[in-house]
Amino acid sequence: MLKKPTMFENAPAERITLFADVILPLPIPKLFTYRIPFELNEIVQVGARVIVQFGNKKVLTAVIAKLHQTPPQHYQAKYILELLDTEPIVTFKQIELFQWLADYYLCSIGEVLNVALPSGMKITSQSMIELNPNATWENIELSEKEEKLLQLLKEKKTLSYNEAAVFLELKNIYHIIKSLSQKELIIVYEEVKERYQPKKVKKIRLTRDYLDKADLEKLFKYLEQRESKQLDVLLLYLRNVPVFRDWTLNENGLEKSIFRSNPHISNSSLETLIKNGVFEEFEVIVSRFADIQPADSYELKLTSEQSEVVDKIMDLFAEKDTVLLHGITGSGKTEIYIDLIQKVLESGSQVLYLLPEIALTTQIVARLRKIFGDKMGVYHSKFSDNERVEVWKGVVQQKFSFVVGVRSAVFLPFDNLGLIIVDEEHEPSYKQQEPAPRYHARDVAVMIAHLQHAKVLLGSATPAVETYYNAQIGKYGFVALRKRYGNAQMPEIELVDMKEQRKQKKIRQNYSEPLLQHIQETIQKQEQVILFQNRRGYSPYLNCVDCGWIPKCSNCNVSLVYHQHAGELRCHYCGFKMATPQTCFACGSTKMKSVGYGTEKLEDDLKLLLPNARIRRMDLDTTRQKNAYQNLIQEFEAGQIDVLVGTQMISKGLDFDKVSLVGIFDTDRLLYFADFRSQERAFQLLTQVSGRAGRRETQGKVIVQTNNPENHTLQKIKNNNYESFYQEEILEREKYHYPPFSRLIRIAIKHREKDYAQDAALCLAELLREKLGKPRVLGPEAPLIDRVRNQYIKHILIKLEREKTNLKPVKHFIAQQCQKVMLDKRFKSVQVVIDVDPI
DNA sequence: AGCACGCCGACT
DNA sequence: GTCGGCGTGCTC
């Protein structure tokens with residue numbers, strides 16, 4: 001796939017010494033130079049993985065970024081220990097991309113590599129100790145702990161540092177290890193663990209001795225005479241592998257599991273045959289995706305409007321690299337994608353189709369699988385690491401020309417991309433939060449397309465304001481799809497004024513009268529209801545009636561969320577849990593009331609209000625187990641559930657024909673969130689959720705409960721008027737210099753001590769202002785939740801003009817200042833986290 | 001990041 | 001005297 005650099009193509013007469021600059025998966029902003037052993041000269045390539053020793057003993061996987069003949073000036077380069085790939089697993093273009101990511105998102109190229117490679121392709125070593133077999137410890141004085149450790153080693157043979165530390169109940173085990181290894185009683189070594197395990201299948205075949213008609217018949221007679229059970233084994237084998245017809249069939253053998261699954265065959269007879277040398281066992285490596293069938297021949301039928309859109313997109317691609325497809329929910333964007341994917345694949349290029357995490361369900365995968373069969377790879381975080389490695393290798397080996405995947409799929413080693421589709425491009429889950437690089441997959445997709453001369457199609461019913469702006473100013477091409485598929489109608493959205501309802505005392509447990517009524521009617525019609533409340537748990541906090549005390553997390557500055565079913569209070573930020581207190585910790589009162597409501601309470605209350613309805617809840621808490629999500633969806637699809645209460649989990653990618661009512665709670669919390677994107681978010685989320693109501697023939701109904709029915713954004717959601725929402729929003733953005741009119745960089749300063757965080761933040765802000773100017777640097781400011789996991793947090797926000805041409809030096813400057821503050825002794829190693837284009 | 005190593009204070 | 005706490009510097 002990749003050509004070796006030409007200068008090494010003709011092997012020179014004299015041996016040359018090659019050096020490799022490698023990327024290590026560490027947050028160190030430079031490449032490290034290792035020496036290539038001569039015997040590898042002819043086969044090393046840029047993009048291959050190597051194993052190197054780093055530091056005193058640590059052994060790591062690195063990727064070769066550059067090959068050259070320049071020996072390092074100031075140090076002796078170590079040898080590469082092992083070359084893991086004879087073909088590159090990372091392309092030249094990717095290394096270029098990694099560097100771009102590191103520069104753009106202000107992190108090291110090693111951090112990029114670290115998130116790019118599936119962990120199964122990286123190895124790390126672990127320090128191990130074992131007894132020195134030649135040791136004599138008669139005349140050696142030992143401390144108690146040393147004695148204890150040696151005793152344990154006698155039993156266990158080997159121990160990792162950590163195991164030893166746990167056993168000795170010591171935090172610092174280093175002294176003991178050092179002392180023992182100096183006395184030559186133990187050996188310290190590094191154990192390398194390769195995490196990727198190819199899937200192996202155990203198989204059985206006849207040994208050479210029986211690959212002959214006469215011999216087999218002799219065996220038959222013998223077994224028949226004795227009425228041996230082994231005869232069944234042999235017959236089963238011959239039925240599946242008709243060696244009499246073709247002796248070479250034996251080579252491939254038969255899977256051992258086939259014998260196992262046959263109830264008439266006992267395992268011991270098979271084992272006896274193996275023991276007696278009739279059969280032999282062997283293993284083969286198989287693909288984890290081996291059982292995937294090739295595609296059916298599939299005729300995609302597009303509506304005339306859909307084919308028009310396809311044509312228009314193709315036309316636009318002639319002049320624009322990126323096109324935005326603005327298609328309302330249920331307008332059939334997927335068919336358009338499929339048609340385009342087929343076209344691009346036919347032209348011989350690769351395609352990447354990105355979806356947000358939650359939308360990438362088995363439903364869509366199954367549908368695509370029917371069409372693209374084994375040409376398609378799936379890259380999902382729910383997949384095991386081994387599976388991810390196989391998709392990666394499949395792309396390298398050109399086995400997959402098309403991959404559907406989540407955010408991290410942008411790192412797959414394509415070298416000939418024709419098209420990247422980013423569906424639901426506005427989704428915040430495309431932005432990585434932790435760890436660095438904090439990249440946005442949509443923006444990375446645009447960059448990859450640029451590097452590979454590919455095209456990008458962004459799709460959304462509610463595009464990000466930045467994206468829509470780019471389409472408006474002509475940077476992106478633009479196509480709209482304004483009709484629902486099959487002429488289905490958009491749902492009717494009703495805003496219920498909760499202030500009025502409250503006055504008239506018509507609210508029962510957070511359910512307004514109209515909502516409750518509609519729920520009942522819908523169930524009566526045997527149709528389904530989705531209720532949306534973007535808050536899990538029973539209630540956001542408990543409150544002592546007598547003294548007002550609220551249980552808070554001891555590690556974070558938030559109240560603990562009440563989870564009634566689990567009988568617990570939980571922190572949603574650090575995972576802290578405690579049993580629900582029966583009495584107030586402050587005054588001892590037994591009157592603790594729950595305040596506010598989450599999905600759990602909505603579910604419980606509705607069960608009381610409508611005892612005959614079948615009500616289920618879908619949120620993080622009910623879908624944590626492996627198949628819980630899938631099971632819930634199947635039940636709902638099968639009509640075994642009337643009402644599904646859920647968080648945003650229910651807003652994505654689920655299309656159910658029988659849902660005719662959607663209820664939305666606590667709308668005001670979304671609308672009045674203190675963030676410049678709150679209106680956009682609310683518009684997107686509520687439109688998305690509303691879109692679940694009514695498909696095909698029936699018009700759906702959406703009931704939005706709010707205290708502010710006159711809110712502009714709500715009105716625009718009601719009228720399904722994205723355009724008008726955008727026009728209003730873009731003016732605000734311009735007025736206050738927010739994206740797309742500026743670029744944002746947010747710096748978070750974290751420290752255990754509040755004062756250190758504050759002082760460091762102040763100092764950093766000052767340093768930044770010196771050069772960037774006062775108005776460009778905002779803060780430091782405490783975020784809404786200013787302490788998480790015992791770390792105090794301060795935010796600095798930098799606004800840079802979009803037109804600023806020399807972005808690179810500015811970013812470099814910012815990174816430098818952050819580095820300075822981090823290393824400043826006054827601030828006791830504060831943590832500084834840079835987030836470029838925060839969302 | 002991880003680790004070696006050094007210096008300091010607090011315990012058996 | 002050990003033990004454990006950091007702080008610091010380095011890794012080809």
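Model, not experiment: these values are computed from the prediction. Every chain is numbered from 1 and lettered A, B, ... according to where its sequence line falls, protein lines coming before strand lines.
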Determine, for [X] against [Y], whether the closest basic-nitrogen to carboxylate-oxygen distance falls under 4.0 angstrom.
X: A:Arg570; Y: A:Asp621; result: yes
X: A:Asp835; Y: A:Lys431; result: yes
X: A:Glu427; Y: A:Arg407; result: no

Practice prompt. Could you tell me whether the side chain of A:Tyr75 has a donor or acceptor atom within less than 3.5 Å of a complementary atom in the base of C:dC12?
Written response: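 Answer yes: a donor N or O sits under 3.5 Å from an acceptor.
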Worksheet item: Mind checking what makes salt bridge (Lys or Arg N to Asp or Glu O under 4.0 Å) contact with A:Lys393, not counting sequence neighbours?
Response: none
Worksheet item: A:Phe54 near the nucleic acid: base, sugar-phosphate alone, or nothing, with a heavy-atom cut-off under 4.0 Å?
Response: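 Base, at least one base atom sits under 4.0 Å.
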Rounded to whole angstrom units, what separation is found between the [atom1] atom of [X] and the [atom2] atom of [N]?
X: A:Leu60; N: C:dC12; atom1: CG; atom2: P; value: 10 Å
X: A:Ile177; N: C:dG4; atom1: CD1; atom2: P; value: 13 Å
X: A:Leu81; N: C:dC12; atom1: CG; atom2: P; value: 11 Å
X: A:Lys58; N: B:dC3; atom1: NZ; atom2: P; value: 4 Å
X: A:Arg752; N: C:dG5; atom1: CZ; atom2: C1'; value: 13 Å
X: A:His74; N: C:dT11; atom1: NE2; atom2: P; value: 12 Å
X: A:Ile51; N: C:dC12; atom1: CD1; atom2: P; value: 16 Å
X: A:Gln819; N: C:dG9; atom1: CD; atom2: C1'; value: 14 Å

Worksheet item: In residues 21-31 of chain A, which residues come under 4.0 Å of DNA chain C by heavy atom?
Response: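 Listed by number, they are A:Ile28, A:Lys30.
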Discussion item. Over 60° means perpendicular and under 30° means parallel, so tell me whether A:His751 and A:Tyr756 are parallel, tilted or perpendicular.
Written reply: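 A:His751 vs A:Tyr756 ring planes: tilted.
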Discussion item. We want to know whether A:Asp103 and A:Gln99 form a side-chain donor-acceptor pair, criterion being a heavy-atom distance below 3.5 angstrom.
Written reply: yes
Discussion item. Does a side-chain N or O of A:Lys78 approach OP1 or OP2 of C:dC12 to a distance below 4.0 Å, or not?
Written reply: yes
Worksheet item: Does A:Lys57 put a side-chain nitrogen or oxygen below 4.0 Å from OP1 or OP2 of B:dA4?
Response: yes
Fill in: Any residue meeting side-chain contact (heavy atoms from CB on, under 4.5 Å) with A:Leu797, in chain and number order, not counting sequence neighbours
A:Leu744, A:Arg746, A:Leu778
